[in-house]
Amino acid sequence: MTTLRADAVNQAPNQDPRSLIIEMKQVNKWFGEFHALKDIDLSVEPGERIVICGPSGSGKSTMIRCINRLEEHQKGDIIVDGIELTADVKHIDNVRREVGMVFQHFNLFPHLTVMENCTLALIWVRRMPKKDAEEAAMKYLERVKIPEQAQKYPGQLSGGQQQRVAIARSLCMNPKVMLFDEPTSALDPEMIKEVLDVMIELAEEGMTMLCVTHEMGFAKTVANRVMFMDGGEIVEQNKPDEFFTNPQYDRTKLFLSQILQH
Amino acid sequence: MNAAFTHKPAPDRPPPRISVGAVGWMRDNLFSSWMNTALTIVAVYILITLIPPFVQWALLDANWGGRDRSICDANKDGACWTFIKVRFLQIMFGLYYGANPDQVWRPVLAFALLIALAIPLFVESFPYKRYVSIGLLVVFPFVGYGLIHGQWFGLPVAETSQWGGFMLTFVLASVGIVCALPIGILLALGRRSNMPLVRTLSVSYIEFWRGTPLITILFMASVMLPLFFPAEVDFDKVARAMIGIALFQSAYTAEAIRGGLQAMPRGQFEGADAMGLKYWQSMRLIILPQALKISIPGIVNSFIELFKDTSLVAIIGLLDLLNMAQTASRSIEWKGYDIEAYLFAALLFWICCYGMSRYSQALERKLDTGHKH
């Protein structure tokens, strides 16, 4: 474990914890007997754009799902924006207000229109008047370039459009961090680009992003740190150009050769 | 790159004549194979032998006029609708109103009020739905009871034991449905709760009521319940039937709704959680609207069953639509005309149940937003 940490480049050792937006310390998670996360240490500064890759079952989704407590970690500490995640529901709610999440399968609410999907949390969580919420939502729908779909239902949109709505829905809450859990994996090839374009724009505006994805082009363009996970551990992390041209571990090399050979 | 070819899409052509229209439909549905053709012929033969004689008896040769059985006894080849006409009020509103036709305006007014209050709730653009719902669920029961039972406003009393017929069926079924839906929702959520105590209580409740026949519950409510109360507390028989039916029905409704909850993909719960919605918010805004939509066929199915099962209140001496029709046909004046009584009761039951069924289908179509999980 310690040897791994020593190799973890690009991570300032004496980070001032107050300036961190996310801090995970020795986080462990089990699903029954299965040890899904093993002593995860992760520090994220505001404005960082981190791409996490790795084979399926490596714990990458589990790791980012721990950050907004969709999964509960059993050991270690997770501190998000100065709030420690414990069983305390208040803390969890506070963290979830600050952290937006985009899912592989969008998880839009099919019985609500696009507009209602976006305003729901503003109205019920932020207690914003409906009119203000709709104005805010429209602003973000314009940003993801689908204001004209506001009155439609998710079922009437293409996959790419649905995912952009999902991004707008998260942005409405004005989050400090955005988590992306394989946002393009369920999309038809023709629609991946429109979603990535929105994400790139978001990154350029300085959003703090943690993104589980195998879109290596995206990683090269926007990430300032790329992370490879395997077996519930962070095996290697580096700046993108270093990570892709000069991977340190055979496991990383093997993985990269497999996903980049096409 | 050389100049590229431009692909021109081929135009759509119409399908072959034989596969569309009436001819196509008959080929597909009635004569698609030897077996199907044989079945079509047998079915047509059965319909031809059954329907004309029935129409002859029930409509063409039927007796409609008069006020007593003499006209029916003179023409035995046709149905005796005179009987239904004369005993209409009794079959619809029970013994008291059957005997006091001048008071029938009371249940009729109550029913009209109910309809008047209910209609705005089905009008999409109606703005005061909240107030109307409160009026319907909180105020109307008292007004309706006051009208039908009397005593208040100086109206003559119609004892609940004298309520009956279609009115009783309708009252019992509506109270059962209105109470069972919210209780059923709570039980279904409780059964899926993370809290072991809540879960155990819900499961025990559901399994207890579901494992007991309604007839037993009605019997117990009538015979056993008074044993637990002091002798001077006279628990109304209809009220006891209502409580028994509501408790029984809520268990069935809960199971229908649980089916809907289980069909919800995990992503919907996670999406709601990730946005910071609290448990009751995510249930009310996200999960239940979708789960209830999925459960509509199951819920309505159990409501239709309930509507018909109200006939079981005969076990505690209440006369619902079916039993009232039967009672009327066994009176000395109309002995022998029970087929007409049963047919009329069946027709009313069918109209109500088919209405519920159609309404649920319309609701499903209305709520369909084109999304398949």
Side-chain angles (χ1 to χ4, degrees), chain A residues 61 64-65 67-72 89-114 116-127 151-157 162 165-166 169-175 177-181 186, chain B residues 7 9 124-125 127-130 185 189 192-196 198 257 259-297 299 360 362-373:
Chain A
S61 287
I64 69 165
R65 286 160 60 88
I67 293 171
N68 67 351
R69 194 74 167 192
L70 286 184
E71 301 291 354
E72 195 179 321
V89 181
K90 229 182 195 136
H91 286 199
I92 297 172
D93 284 341
N94 286 337
V95 166
R96 284 175 179 168
R97 281 162 194 238
E98 304 303 336
V99 178
M101 185 151 198
V102 175
F103 299 87
Q104 182 178 5
H105 296 289
F106 330 135
N107 296 357
L108 292 175
F109 306 130
H111 63 303
L112 301 177
T113 62
V114 165
E116 288 165 338
N117 265 281
C118 292
T119 54
L120 191 80
L122 289 176
I123 293 171
W124 293 96
V125 180
R126 290 253 194 264
R127 299 282 163 196
Q151 299 312 323
K152 288 198 184 160
Y153 286 98
Q156 299 167 296
L157 305 185
Q162 290 192 47
V165 172
R169 179 175 76 172
S170 296
L171 290 178
C172 279
M173 287 292 278
N174 208 1
V177 182
M178 285 284 283
L179 307 174
F180 292 86
D181 190 1
Chain B
H7 173 73
E124 195 90 2
S125 56
Y128 307 111
K129 285 208 174 97
R130 178 177 299 229
I185 289 173
L189 291 176
R192 290 174 54 83
S193 166
N194 294 325
M195 289 178 273
V198 175
I257 294 171
L261 287 174
Q262 275 170 348
M264 290 294 295
R266 211 169 66 140
Q268 291 292 308
F269 294 88
E270 291 181 349
D273 283 349
M275 293 169 78
L277 292 175
K278 300 195 191 326
Y279 175 80
W280 287 109
Q281 287 179 331
S282 69
M283 288 304 134
R284 190 162 67 83
L285 300 166
I286 309 299
I287 305 300
L288 282 174
Q290 299 183 64
L292 288 176
K293 189 191 102 186
I294 302 171
S295 339
I296 287 173
I299 295 175
S360 85
L363 199 60
E364 278 181 70
R365 271 195 302 276
K366 194 188 115 189
L367 296 178
D368 183 17
T369 55
H371 188 95
K372 300 277 168 286
H373 281 297

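To find a chain, count down the sequence lines: A is the first, B the second, and so on, and within it residues start at 1.
- At a 4.5 Å heavy-atom cutoff, A/H105 makes no contact with chain B through either its backbone or its side chain.
- Highest contact tally toward chain B, considering only A/L120, A/V99, A/I92, is held by A/L120 [criterion: heavy-atom pairs under 4.5 Å].
- A pairwise comparison of heavy atoms in A/F103 and B/A274 identifies CZ-CB, 3.9 Å as the closest pair.
- Distance CZ/A/F109 to CD/B/Q290: 8.0 Å, rounded to 0.5 Å.
- A/I123 contributes atom CD1, which lies 11.5 Å from atom CD of B/Q281 (distance to the nearest 0.5 angstrom).
- Comparing A/V89, A/D93, A/N68 by heavy-atom pairs within less than 4.5 Å of chain B, the highest count is held by A/D93.
- Heavy atoms of A/N117 lying under 4.5 Å from chain B belong exclusively to its backbone.
- When each of A/R169, A/M173, A/M101 is checked for heavy-atom pairs under 4.5 Å with chain B, A/R169 comes out on top.
- Residue contact with chain B, scored on non-hydrogen atoms closer than 4.5 Å, involves the side chain of A/R65 exclusively.
- With a 4.5 Å cut-off on non-hydrogen atoms, B/K278 touches chain A through its side chain but not through its backbone.
- Within the 3.5 Å criterion, the main-chain N or O of B/L285 finds a donor-acceptor partner in the side chain of A/H111.
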